[in-house]
Amino acid sequence: MKKFAVVAAMATAFLGSTSAYAVDLEVTHWWTSAGEAAAIAEFAKVFEEETGNNWVDSALAGSGTGANPVIISRIIGGDPMGATQMNTGRDAEELIQAGLMRDLTDVVSDMDLDSFYVDQSLLEACRYEGGLYCLPINIHSWDWLWLSTAAYEEIDQPIPTNWDEYVASWPALEEAGILPFGLATGWPISGVPGVLMSGIGGSDLVLAVNRDKSADAVRGPEFRKVAEAMDSLRKVISPDMMVPSFGDVGNQLLTGEAAGNIHGDWLQGDLQVAGGVPGEDYECLPALGMGDQLTGGGDSFYFPVLPDGTDPAVIQAQADLARLLISPEAQLKFNLVKGSMPIRTDIDLSAANPCMQKALGLLENGLLPSGDFALSSDTQQQLQDLNIEFLDDDNITVDDYIERYASIIEQAD
């Protein structure tokens, strides 16, 4: 394994030629929570220190569902940013096919990506007709159950070690006036079915639904268990107690106002900023404490083709940033704050917190394809709309939910 200190010292060397004057590079992303903002600041710091250029931060609210339309419309409309974060997966495939994203093949040709990317499947969505059009910069997984130490101390019960124990604790939590499940409004519900599908339904179900687009699997007995778990969840979620953002749910966990939450590993970035310590203030259960694999996706950076006449120094700044994002130094600094797993296998992660260490252990079993990775943006939006509607409307039966989910998957490309 390469020594981190040696590799980091080479950071400036692999940037290539840099301009003699500073240029501005606008970077769009949807990392707006406290933990996310702290993480993206690490990328910005490395970029400015190593290149002398200016990172112009353009944060967009609303996560992918709110930010993606803005990003896409700007690129299509001829007003591209210098770089943009999007989900690792199919969100940008039409932009790539239209020739609106920069081919990074020559930019990173000497970096031997195959030698250090932890899972080559992450690069599949970046490749098109022999070109490389994005760089995955982390591995995120939705597959986490977060539990509040304070809540379980209040009811004098041990913290659950799996989903079944957690569900069994709900009556005692409700009797004590504690929310069994905290939830933020809008998009955070979209990841819950996938986590239940992985933890309760198992790896074969995830592959059948996300990879194979099998409506028969959705109509089968394993997915019914997932739908029934969703039905149980909506019975303990109070719309009046839903909070604006997932970071607010993190605060509910730390104070004991809510006992649990299903959310991606980026939540630990906000818990960390708020002073929470895993194993003391909260517990994290990957795959609901039941599975041995995580669904994996994460974030990638894309570099739009800039208009004719753009200052060559800005185009060079794009290339410099692309290389820096996957450098050992930036990967370590960013992911330790973000709560995600790095894409490199050759960096020292001994400083990773216990939650990341659990994730790294499961990563050895390979990643399952998440909905973000395997499903088009249109299909993802249809499923999110269905999940929100199911949560809000008790008149939608489990059978209705299953059939509508199956219909969406049946028509997915």
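- Here M197 contributes atom CE and D204 contributes atom CG; the two are 12.5 Å apart, rounded to the nearest 0.5 Å.
- Checked against the 6.0 Å centroid criterion, the rings of F47 and F43 do not qualify as a close aromatic pair.
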Applying side-chain hydrogen bond (donor to acceptor under 3.5 Å, both in side chains) to Q85 and D299, what does each step give before you reach the verdict?
CA-CA 7 Å; Q85 165 250 346; D299 303 287; 3.0 Å; yes
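- In the model, S214 has no side-chain atom that pairs as donor or acceptor with a side-chain atom of D216 under 3.5 Å.
- Here the shortest heavy-atom pairing between A374 and P369 reads CB-CB, 4.3 Å.
- Heavy atoms of other residues, nucleotides or ligands lying less than 6.0 angstrom from CD of E174 number more than 12.
- A salt bridge is defined here as a Lys NZ or Arg NE, NH1 or NH2 lying under 4.0 Å from an Asp or Glu carboxylate O, and E222 with K225 meets this definition.
- More than 12 non-hydrogen atoms from other residues, nucleotides or ligands lie less than 6.0 angstrom from CG of D79.
- Other residues, nucleotides and ligands contribute only 12 or fewer heavy atoms inside 6.0 Å of the CD atom of E175.
- The pair D231-K235 meets the salt-bridge criterion, with a side-chain N (NZ, NE, NH1 or NH2) lying under 4.0 Å from an Asp/Glu carboxylate O.
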Where do W31 and K338 land on the side chain to side chain contact (heavy atoms under 4.5 Å, CB included) test, with the steps shown first?
CA-CA 10 Å; W31 291 325; K338 189 70 162 62; 3.4 Å; yes
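- Contact check on K45 versus E49 returns no salt bridge, with no Lys/Arg side-chain nitrogen under 4.0 Å from an Asp/Glu carboxylate oxygen.
- F116 carries R344 over the face of its six-membered ring, with the cationic atom under 6.0 Å from the centre and within 45° of the normal.
- Between F223 and Y405, the distance separating the two ring centers is shorter than 6.0 angstrom.
- I96 CD1 to Y133 OH: the interatomic distance, rounded to the nearest 0.5 Å, is 8.0 Å.
- Between H263 and the options F181, W146, F246, W144, a ring-ring contact (aromatic ring centres under 6.0 Å, His included) holds for only F246.
- Interatomic distance, L147 CG to E283 CD, rounded to the nearest 0.5 Å: 7.5 Å.
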Stepwise side chain to side chain contact (heavy atoms under 4.5 Å, CB included) check, V218 with L205:
CA-CA 8 Å; V218 178; L205 180 63; over 6 Å; no
Kindly determine whether S232 and W170 satisfy side chain to side chain contact (heavy atoms under 4.5 Å, CB included), including the steps that lead there.
CA-CA 10 Å; S232 297; W170 289 356; 4.1 Å; yes
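- Classification of R219 and E403 as a salt-bridged pair holds, one side-chain N sitting under 4.0 Å from a carboxylate O.
- Rounded to the nearest 0.5 Å, atoms CD1 (I326) and CG (L104) are 9.0 Å apart.
- Atom-to-atom distance recorded for L253:CG and D281:CG is 10.5 Å, nearest 0.5 angstrom.
- Across every non-hydrogen atom of Y166 and G260, the tightest pair is OH-CA, 3.6 Å.
- A cation-pi contact links R234 to F390, judged by a cut-off of 6.0 Å to the six-membered ring centre and 45° from its axis.
- Looking only at atom types and distance, the side chain of D378 has no donor-acceptor partner in the side chain of S376 under 3.5 Å away.
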Side chain to side chain contact (heavy atoms under 4.5 Å, CB included) between S33 and W266, worked out
CA-CA 10 Å; S33 76; W266 53 93; over 6 Å; no
